[in-house]
Amino acid sequence: MARTERINSRSRLGFIGLGHLGSPIARRLVAAGFPMVVYDLDHTKAAELSSLGAEVAQNPGKLAGEVDVVLSCLPDEPSLETVYVGTGNVLRSARPGTRIIELSTVSPETSRQLHRTAGKFDIFALDVAVSGSAPSAEAGALTLFGGGDREAFEGASPIFAAIAHQWFYMGSSGSGVAMKLVVNTLLGVGMQAVAEAIALGSRLNLPRDLLVDILAKTAVVAPAHAVKLASTKKNDYTPQFPIRLMRKDFGLILAAAAQSGLSMPATQAAAAINQAEAASGEEDFSAVIRRMEQQSGVENVALPAA
């Protein structure tokens, strides 16, 4: 595909990484009618997409050689490097002119390195960071932040329209994931602030259910945090945005801050609580609310499952 060529419903898409967000995003693309080839290390996840009409590739390299656009949603930077330049062999297998839409949350420098390396193979790489939980992905209501070539980003809008309700071009390569780190700073620190506020309210003898209900209706609690309060009321921390991913994002945020010579004391404190709670297992990132309640001595707070 030429850099300025617009993606359309006949463009053949490949999707690598069918995890917490990748799977619902891929399902929406299949439902939108795009011809799809998928791959995941967990073959059962790929089989679920096969039942919806997607083809299943034996490995990432084979997938890359058969499609016009490669999308990937991977858990971390080592996975990204393995898929694209390691044993996954995507860059060496893809045809010149192939587009890459990389959805993972990684460091801006990792995105820029992928962009530079892909360019050597005449492949156009975009970093398109995803903001939203699994339910948002299922509803096609994600927010996307793009970095890379502007024309290539705009040409991918038919894909974005199938998975998101808004998308923004942020600038050169790495800008999309940079914006994601900014946004998730507010997400993580804000969640810790909500947790501390609930613990304080309980210490001041406010009825817990009423406290949680009223907080959700105030202007100072962001929508992303307000939706967590209904689950909190039931002590339900089933992962929608797993706490392990928030822990990873805190690490990327603080690493970027250190490289920039920026002190972020509130973020460091929130990251420490997040990391401690992440040791409890696979839960939602809002489980820091329970931890703060337990630390404050609040009764009748459910413990995490063993």
Side-chain angles (χ1 to χ4, degrees), residues 19-21 24 105 130-143 165-166 180-254 263-306:
H20 194 73
L21 281 178
T105 303
V130 177
S131 180
S133 62
S136 298
E138 290 167 359
L142 296 170
T143 296
H165 72 98
Q166 56 183 355
K180 172 68 179 290
L181 298 186
V182 171
V183 167
N184 273 20
T185 299
L186 292 173
L187 183 69
V189 175
M191 192 75 262
Q192 179 61 26
V194 169
E196 293 180 18
I198 291 174
L200 174 63
S202 297
R203 273 294 185 92
L204 295 176
N205 298 316
L206 294 174
R208 185 179 188 269
D209 286 357
L210 180 62
L211 167 64
V212 170
D213 286 343
I214 298 304
L215 274 176
K217 297 176 181 178
T218 63
V220 297
V221 175
H225 300 127
V227 297
K228 299 297 182 183
L229 293 176
S231 298
T232 292
K233 188 175 176 179
K234 299 180 290 186
N235 290 308
D236 178 8
Y237 298 103
T238 303
Q240 296 182 346
F241 179 41
I243 196 166
R244 61 180 169 81
L245 296 183
M246 187 72 250
R247 178 183 61 186
K248 180 200 75 170
D249 291 356
F250 268 133
L252 292 170
I253 291 161
L254 292 172
S263 174
M264 300 180 73
T267 305
Q268 288 178 321
I273 299 296
N274 173 276
Q275 182 171 358
E277 183 56 33
S280 297
E282 184 76 351
E283 304 177 288
D284 192 74
F285 83 114
S286 59
V288 294
I289 294 174
R290 183 186 58 218
R291 172 166 288 269
M292 293 307 302
E293 289 186 299
Q294 291 170 347
Q295 289 183 3
S296 71
V298 175
E299 297 181 355
N300 299 320
V301 176
L303 295 171

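Only this structure's heavy atoms are used, side chains among them; waters, hydrogens and symmetry mates stay out. The first residue of the sequence shown is numbered 1, and numbering continues consecutively from there.
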Checking [X] now: which residues fulfil side-chain contact (heavy atoms from CB on, under 4.5 Å) with it, not counting sequence neighbours?
X	result
Glu196	Gln192, Met292
Leu181	Thr105, Pro108, Leu252, Ile253, Ala256
Arg247	Arg244, Asn274, Gln275, Ala278
Val183	Ser131, Phe145, Met179

Next on the checklist: Is there a side chain to side chain contact (heavy atoms under 4.5 Å, CB included) between Arg208 and Thr232? Walk through the geometry before answering.
Outcome noted: CA-CA 10 Å; Arg208 185 179 188 269; Thr232 292; 3.5 Å; yes
Distance, nearest 0.5 Å, that separates [atom1] of [X] from [atom2] of [Y]:
X	Y	atom1	atom2	value
Asp236	Lys228	CG	NZ	9.5 Å
Gln240	Ser136	CD	OG	8.5 Å
Arg203	Leu200	CZ	CG	9.5 Å
His20	Phe241	NE2	CZ	8.5 Å
Ser286	Met246	OG	CE	12.0 Å
Asp249	Ile243	CG	CD1	12.0 Å

Checklist entry - Excluding sequence neighbours, so at least two apart, what forms ring pair (Phe, Tyr, Trp, His ring centres under 6.0 Å) with Phe250? => result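 If we apply the ring pair (Phe, Tyr, Trp, His ring centres under 6.0 Å) test to Phe250, skipping adjacent residues, there are no hits.
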Could you pull out all donor-acceptor pairs under 3.5 Å where a side-chain atom in residues 211-220 meets a protein atom, sequence neighbours excluded?
{"residue": "Asp213", "atom": "OD1", "partner": "Lys233", "partner atom": "NZ", "Å": "3.2"}
{"residue": "Asp213", "atom": "OD2", "partner": "Lys233", "partner atom": "NZ", "Å": "3.0"}
{"residue": "Thr218", "atom": "OG1", "partner": "Leu215", "partner atom": "O", "Å": "2.8"}

Between [X] and [Y], what is the shortest heavy-atom contact and its length?
X	Y	value
Ile289	Met191	CD1-CE, 3.6 Å
Leu186	His225	O-CE1, 3.7 Å
Lys180	Val130	NZ-O, 2.7 Å
Pro24	Gly19	CD-O, 4.0 Å
Ala137	Leu21	CB-CD2, 3.9 Å

Item to check | Main-chain N/O of Pro242 paired to Asp284 side chain as donor or acceptor, under 3.5 Å | outcome: no
Next on the checklist: Check whether His165 reaches the backbone of Gly140 with its side chain - one donor and one acceptor, N or O, closer than 3.5 Å.
Outcome noted: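 Not at all, since once roles are kept as given, no pair shorter than 3.5 Å links the two residues.
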